[in-house]
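The shown structure was predicted, so the numbers you read here are calculated from the model rather than taken from an experiment. Per chain, numbering begins at 1; letters A, B, ... match sequence-line order.
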Amino acid sequence: GLTEKLERAINFFGKKGRLTPKDVKQGLEEIRKALLEADVNYKVVREFIKMVEEEATGERVLKSFTPREQILKIVYEKLIEILGKHEPLKLSRSPSPIILLGLQGSGKTTTAVKLAYLLRKKGKNPLLVPADVKRPAAFEQLRDLAARYDFPVYDKRLPDAVKLSKLALSMAVLKRYDVVIFDTAGRLHIDEEMIEEARKIRDTVNYDELLLVVDAMTGQDAVNVAREFQEKVGITGVILTKLDGDARGGAALSVRRITGKPIKYIGVGEKVEDLEEFHPERLASRILG
Amino acid sequence: RRIITRRDPQLLEEIEEVLYEGDLGVELTENILEELRKIPPEKYMDRIKEILISILEGVEVKEKEGKPRVWMFVGVNGVGKTTTIGKIGKMLRKEGKRVLFAACDTYRTGAQEQLKIWAERVGADIVLSQYGADPGAVAFDAYEAALHRGMDELLIDTAGRLHTKHPLMEEMKKIKRVLSKKNPDAPHEIVLVVDGTTGQNALNQAKSFHEALGLSGIVLTKLDGTAKGGIVVHVVKEIGVPVRYIGVGEGEDDLIPFNPEEFVKALLG
Ligand SMILES: Nc1nc2c(ncn2[C@@H]2O[C@H](COP(=O)(O)OP(=O)(O)OP(=O)(O)O)[C@@H](O)[C@H]2O)c(=O)[nH]1
Ligand SMILES: Nc1nc2c(ncn2[C@@H]2O[C@H](COP(=O)(O)OP(=O)(O)OP(=O)(O)O)[C@@H](O)[C@H]2O)c(=O)[nH]1
Ligand SMILES: [Mg+2]
Ligand SMILES: [Mg+2]
């Protein structure tokens, strides 16, 4: 559909004429629908369309492309620009603590083990910390998934996630782990008690990364989730999960716009190997459908 | 003929924003706005409510009886299937029913233990299994156990699966076939669990799962957050399956019967 036209629009330049406001308005109407169907937040879409409108109006017309295709090219490039390039994990401390936060069921526990796998491939020695003391069998879930690959898991069971995180970190220092990955309980951005726990974990652990794990099928609410986690806890990056499905993933654009933080990795399956570096081009075409 | 007052376009835009941000989706939102353009502004709110409620009420709930009555819970990963089984189990226990859970998620780590904890919490029996076991075989054993123990209700938990994964959808269909072979009426309830924070993808999920199994009901979870779950209106319109319950928290009592009027009221803020 739009993506094939995109491919052609990317590579040429011509000299005649400029895009009229009418061209731009018509082209953007279709894009607007596509973005909304892709779950990009309404206000984010409005702002994005306005941005592109200003940029596109008066642009030089490209040879052998309809104005519609040219606008698509501008949109695609703008999306890539906003989504941002892949940024690696910050691993400056010793050990490097990585905290995972997010809504219930977003994929944190699975992602924690995926990160351990990725980091071990890079020669690191990771420790997994099951700091979800709430969900039934959360500990067993992490422990058993980690066990399949012999990843060490901090196994002292404490009822207090903050105390547990503190002790786990001390042990990691003692035992010379390179990276400590904290899996935490799923929590609502509006649950003050659980947000306070997140803040306490954050303050207890001198973290390198505090990553928001977001389900790619999240709808309009992604802006609320992103904004609240960013304002109330403060995140350093995002991991978008379940991109092996057919969700368009527009939530990614919303989250990126609201937090300004990079999407670092994407989950593309349930297996521990299924974590990839985020690259904006693929997500941009996917969002455009 | 009516006179368009100056505040119409702005009001319509505000309405558009509310509908979109509730995850109602492009098609339904555009249809509603089309309708609103034909009527005076004072009638807007009532007309929107009317349209949405009539879609949600337009599907009848058929509660099939059986002993055991077999419920099968399906849906994509992480939506709240296992937790919802715990909650429905509690609800049925409060009605004095004898309830059996079947742990047919033999794939994800911690799944069996998680359901076991729920069974203990609400006073349900449970048929557990091994990881890697065939979920159809577990369902078979669970049905036998339900008969043998005189259970009233059998609740089958399945692994989360993306509807785009053909082999997983086939595995799920097999679980249903196994149950239907034991009893042609079973499963009496095939429930799609949908995460309330999901956007337009819920439509793809619903269509695929419905086509694969024939759904009898939908449970919309996590409405205790800020998401409105509006996509469920399009889902109901598309597949004609009723929403039965909504999940409003992680506890055993956090399940309420679906009420279209309340839902629409919350959606419109
Ligand atoms: N297909 C697919 N499934 C995933 C992915 N990431 C996680 N999952 C699955 O999604 C479900 C939820 O994952 P969890 O890791 O338990 O999510 P969580 O955020 O820890 O959940 P809570 O602790 O309850 O908040 C599980 O069935 C996972 O196997 C992914 O990238 N693709
Ligand atoms: N806030 C809130 N959380 C919920 C609700 N229902 C389920 N959860 C949480 O969502 C997370 C996932 O729930 P599960 O029951 O494990 O979901 P699932 O569909 O069985 O997941 P998989 O088996 O991995 O596909 C858990 O942390 C639950 O506590 C709800 O209504 N509200
Ligand atoms: Mg978890
Ligand atoms: Mg489950």
B/Thr109 versus chain A, the contacting section by heavy-atom distance below 4.5 Å: both
Of all of B/Asp224, B/Thr221, B/Leu115, B/Val79, which one pairs up most often with chain A through heavy atoms under 4.5 Å apart? B/Asp224
Between A/Asp221 and B/Thr226: side-chain donor-acceptor atoms closer than 3.5 Å: yes
If you tally heavy-atom pairs under 4.5 Å against chain B, which of A/Val223, A/Asp246, A/Val45 wins? A/Asp246
Using non-hydrogen atoms and a 4.5 Å limit, figure out which bit of A/Arg148 sits close to chain B: side chain, backbone, both or neither. side chain
Which atoms of A/Leu188 approach chain B - backbone, side chain, both or neither, heavy atom under 4.5 Å: side chain
Contact winner vs chain A - B/Gln112, B/Glu27, B/Glu16, B/Gln205, heavy-atom pairs under 4.5 Å: B/Glu16
Taking every heavy-atom pair that is under 4.5 Å apart, which of B/Glu21, B/Gln200, B/Lys222 has the most such pairs with chain A? B/Glu21
Given the options B/Thr29, B/Asn77, B/Ile117, B/Leu162, which has more heavy-atom pairs under 4.5 Å with chain A than any of the others? B/Asn77
Shorter than 4.5 Å, heavy atoms on both sides: which option in A/Arg143, A/Arg248, A/Glu270, A/Arg46 has the most such pairs with chain B? A/Glu270
Tell me, side chain or backbone of A/Leu36 under 4.5 Å from chain B's heavy atoms, or both, or neither? both
CA sep, side-chain torsions, deciding dist, call: A/Glu30, A/Lys33, salt bridge (Lys or Arg N to Asp or Glu O under 4.0 Å): CA-CA 5 Å; A/Glu30 179 183 1; A/Lys33 278 219 171 65; over 6 Å; no
Toward chain B, the part of A/Asp244 with a non-hydrogen atom under 4.5 Å: both
Turns out that what part of A/Arg32 lies under 4.5 Å from chain B's heavy atoms comes down to side chain
Please classify the contact of B/Asn204 with chain A as side chain, backbone, both or neither, using a heavy-atom distance under 4.5 Å. side chain
